[in-house]
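Counting convention: from 1, in listed order, for ligands and their atoms alike.
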Amino acid sequence: MRRSLGNIMEFTQADRRHLDNSKQDTGSLEKADDALKYDSRHASHDFSCIHSKDLLPAEEGEEATKHFLQELVNILLAYISKSLKRSSKVVDFHYPHQLKEGLEGFSLELPDQPDNLEQLLVDCRDTLKYGVKTGHPRYFNQLSTGLDIIGLAGEWLTSTANTNMFTYEISPVFILMEEVVLRKMHTIIGWQKEDGDGIFCPGGTMSNLYSVLLARFHLFPAVKTHGMSAIPRLALFTSAHSHYSIKKSAAVLGIGSENVIVIRCDERGKMISSELNSSIDAAKSKGLVPFYVNATAGTTVYGAFDPLNEIADICERHGLWMHVDAAWGGGLLLSNKHRVKMQGIERAHSVTWNPHKMMGVPLQCSAILVKRKGLLQECNQLCAEYLFQPDKAYDVTYDTGDKSIQCGRHVDIFKLWLMWKAKGSEGFEAQVNHCLENAEYLYYKLKRRTDFQLVFKGKPEHSNVCFWYLPKKVQSIPPGPERDRELHLVAPKIKAKMMEEGFTMIGYQPLEDKVNFFRCVFSNPATQREDVDFLLDEIARLGCEL
Ligand code: ABU
């Protein structure tokens with residue numbers, strides 16, 4: 001059965017009862033209902049007889065194009081408004097088989113005959129309806145959250161421009177914007193004016209991959225042409241709490257994940273730098289050639305900051321490349337209050353920084369920043385003559401595409417540039433400070449409650465707060481393996497119920513000797529203290545009978 005534009009995105013009666021009882025957001029149901037009315041009023045044109053062939057570039061397709069896109073904008077506006085309403089669900093969760101079966105007429109299968117535009121608009125709404133509202137103030141599941149309106153406008157413009165970052169000739173404005181933004185980021189890191197290079201690439205894992213690639217090329221340029229057989233067995237170093245992309249980079253680049261030497265962390269998740277030093281010596285004595293150390297500024301789970309200056313001293317002593325994975329922590333550089341946690345970052349040879357995390361830029365937006373100018377180009381360039389002609393009419397150093405390991409490169413820069421213009425650095429600073437204040441608020445709340453337990457002592461350094469929920473049954477078992485076995489089951493059970501009910505989302509994981517615990521992270525400026533209160537009450541509500 002096909003659905004019409006008017007009858008979707010509505011709450012079930014059970015959802016309404018929950019919202020009526022939640023008392024978290026008085027009066028918000030009314031507002032949510034307004035949004036629903038807005039949805040259903042808006043089929044202002046009949047799209048049932050129009051198909052994509054009737055839109056531009058069809059002759060006289062301009063009116064139909066305008067109406068279709070306006071209708072789509074209405075759908076998106078309704079979604080944005082619902083995403084930010086506490087009375088809306090974060091997720092209307094369904095299992096894969098349910099979505100594949102064609103839930104309520106929402107079919108994922110591809111037709112032979114074209115669907116009409118009415119159907120496409122319904123499909124657009126359904127796509128949003130069954131997705132996750134990552135901009136919702138009660139979405140705590142991932143490091144990338146929020147829905148920045150200027151960033152969104154930037155993304156819309158980028159899609160409309162539909163161009164590629166490889167050459168200046170087809171992206172003149174975006175290439176220059178990338179240069180300006182990269183220079184700003186270099187300055188914020190603290191690199192000298194004459195230093196600094198970089199590009200935006202698809203995510204932190206790719207940025208980290210670039211860092212290992214560059215470090216290896218810097219030490220052994222012959223690897224580019226002669227491969228791994230031309231170089232000795234390499235070793236690289238990273239902490240036990242670092243991101244898995246460091247091992248993945250070693251695997252992808254033919255270095256081998258077993259040649260990644262994992263350094264232990266202290267109880268807060270910071271690399272123990274004295275152990276780094278002894279591990280480098282031990283690797284050398286086994287005939288390996290150490291070449292690279294990854295220090296993390298903002299670990300994925302604990303939000304810990306490695307001691308960058310101590311690590312930089314060790315790298316200098318041994319002549320190693322120092323990379324700082326600040327994918328998550330980079331945003332704190334914009335805060336005068338918090339940037340002190342990253343002292344020493346200016347000594348790094350390369351830095352990963354994801355504006356799509358703490359700065360709230362829509363996905364994806366990730367930079368690899370390199371201190372030495374020209375190295376990216378030397379390492380990656382292959383001078384494809386059909387694309388990078390050296391005799392173009394302009395300065396071809398602006399054809400930045402050969403710095404990249406991709407050919408086609410998405411324009412990720414515009415939304416960040418536009419947001420920076422809109423907020424100023426001060427606006428980002430306020431946003432970062434607000435997120436860390438939320439983390440501190442949660443930390444103090446958890447300390448006061450007996451049904452929750454913090455995973456590590458002390459105030460959070462980043463916006464990560466890690467904790468267990470302790471149902472009565474677990475509280476009654478003395479500390480030890482039996483209690484751990486029970487506790488390990490609690491977070492997944494609560495999460496499963498949480499997804500089915502859909503009013504908030506938070507992630508969990510085990511780590512080293514710690515059984516499954518919740519990790520709350522704040523990067524959404526829309527989140528307020530009442531949302532933190534809601535989260536804890538919701539976990540306790542869902543978990544108290546376990
Ligand atoms: N390292 C990618 C982000 C992971 C997370 O959101 O938890």
Q. Can you tell me how far the OG atom of S83 sits from the NE2 atom of H136, to the nearest 0.5 Å?
A. 7.5 Å
Q | ring-ring contact (aromatic ring centres under 6.0 Å, His included) partners of Y469, counting only residues at least two apart | A | F452
Q) Should M358 and Q431 count as side-chain neighbours, where that means a heavy-atom distance under 4.5 Å? A) no
(Q) Cation-pi check for F534 against R138: NZ or CZ below 6.0 Å from the six-membered ring centre and within 45 degrees of the axis, yes or no? (A) yes
(Q) Residue by residue, ordered by chain and number, which ones reach under 4.0 Å of ligand 1 with a heavy atom? (A) Q142, L143, H243, K357, R519
Q | Qualifying salt bridge (Lys or Arg N to Asp or Glu O under 4.0 Å) pairs with a residue from residues 416-425, counting only residues at least two apart or across chains | A | D148-K423
Q. Partners of R183 by salt bridge (Lys or Arg N to Asp or Glu O under 4.0 Å), sequence neighbours excluded?
A. E179
